[in-house]
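Each remark here refers to the structure printed beneath this line.
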There are 2 protein chains.
Amino acid sequence: MRLSKRGEYGLRAMIALAEPAPKGDAPQMMQIKEIALREGISAKFLEQILLALKNAGLLHSKMGVGGGYYLAKPSSEITLGQIFRVLDGPVAPVKCVSQMSYEPCGCPDEATCGLRLVMGDVRNAIANILDHTSLADVIKRQNSVRKNPGM
Amino acid sequence: MRLSKRGEYGLRAMIALAEPAPKGDAPQMMQIKEIALREGISAKFLEQILLALKNAGLLHSKMGVGGGYYLAKPSSEITLGQIFRVLDGPVAPVKCVSQMSYEPCGCPDEATCGLRLVMGDVRNAIANILDHTSLADVIKRQNSVRKNPGM
DNA sequence: ATAAAGTCTATAATCTTGGTAGTCTTTATG
DNA sequence: CATAAAGACTACCAAGATTATAGACTTTAT
């Protein structure tokens, strides 16, 4: 049940881009290098990840001098589930319980397969969290922990 | 977030072994071949899986003619979480939120890392299901679905 | 014109997955 | 006690995924 480095780096980068821009009200724009340095990641690897997120419509970019990446939508409209699926594929532990990309698994009768029933619960539990947590929610939560360390 | 074949086959086998023995009150005993045939799995691959579960104390076996595998404990005392961890390792998506096998991840401050906070929720959601579902629960659920198909 | 930045494709080095194969040990039983 | 059935154990392997690295190309500000 592991999150790949690809997924991890992508989520970290998106969270970084969701932080409010230091000055001005324009959406936060950052360069690959900037994010890579800040998160301690290979810039070339991150490049591929951001490109995938861009092609999926979650990021926009500006080329050329002074360019960079920025969120394609307000941070409240981008969920971790969307990001995760682009980078790591379906959330479901087994294909036969996937909502977004179902495929039958081997069992003779899916309706009464005990494993499938439980894995369906697992997939729902994960999806509920990831699909109902936006980047804005993450930022909010980070800030509230920073203000109130004990909790 | 995928369940490996190793994990899948192991869970299926354990569920099969948790089914009440056809006759008598002794714990259900089955041979590798028997389970492999029933689940459509390579017997040699299943062998390794069952061996791991045995070495982890979840299964007992009887060698020699008429031997086989059987649950080491009543099916109500073996959880899917125990089985999963033996075969697929920690439940947590990132090591830094693992309860059973913690390791620090890269972030500068773990306490305020947004990704870590969310992944902690995910790990708890998964663990809550797997650690509170016993093999007996799975059998019960299978039977109730069989009796009452619509739900 | 130039340099800074993203785009795109290919390749490489591990690691993981999903097995297969073979030998050894134990045990029931004829 | 010979034999065959069964698990125990170890080694190995092919294919694919993962985690990058490299380099050539395109766009754009100045």
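Remember, predicted model here, so these are calculated numbers, not experimental data.
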Would you indicate, yes or no, if [N] has its OP1 or OP2 atom less than 4.0 angstrom from a side-chain nitrogen or oxygen of [X]?
{"X": "B:Asn55", "N": "D:dA8", "value": "no"}
{"X": "A:Ser42", "N": "D:dT21", "value": "yes"}
{"X": "A:Tyr69", "N": "C:dA5", "value": "no"}
{"X": "A:Ser4", "N": "D:dA17", "value": "no"}
{"X": "B:Arg2", "N": "C:dG18", "value": "yes"}

* To do: Only one of A:Leu11, A:Ile15, A:Thr133 passes side chain to side chain contact (heavy atoms under 4.5 Å, CB included) with B:Val118; say which it is.
  => A:Thr133

Compare the minimum distances between each of [options] and the side chain of [X], then state the nucleotide with the smallest one.
{"X": "A:Leu51", "options": "C:dC8, D:dA6, D:dA8", "answer": "C:dC8"}
{"X": "B:Tyr9", "options": "D:dT21, D:dA6, C:dG19", "answer": "C:dG19"}
{"X": "A:Ser61", "options": "C:dG6, D:dG7, D:dT21", "answer": "C:dG6"}

* Structure fact -> 5'-most contact on DNA chain D (nearest-nucleotide basis), B:Leu50 vs A:Lys5, goes to B:Leu50

Please tabulate, one pair per line, each protein N/O and nucleotide N/O from nucleotides 21-29 of chain C that are separated by under 3.5 Å, including the distance.
unit_1	atom_1	unit_2	atom_2	d
C:dG22	O6	B:Lys44	NZ	2.3

* Would you please enumerate the stems DNA chain C participates in, each stem being three or more consecutive Watson-Crick or G-U wobble pairs with both distances under 3.5 Å? =>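 Stems (3+ consecutive pairs) listed as C:1-30 with D:1-30.
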
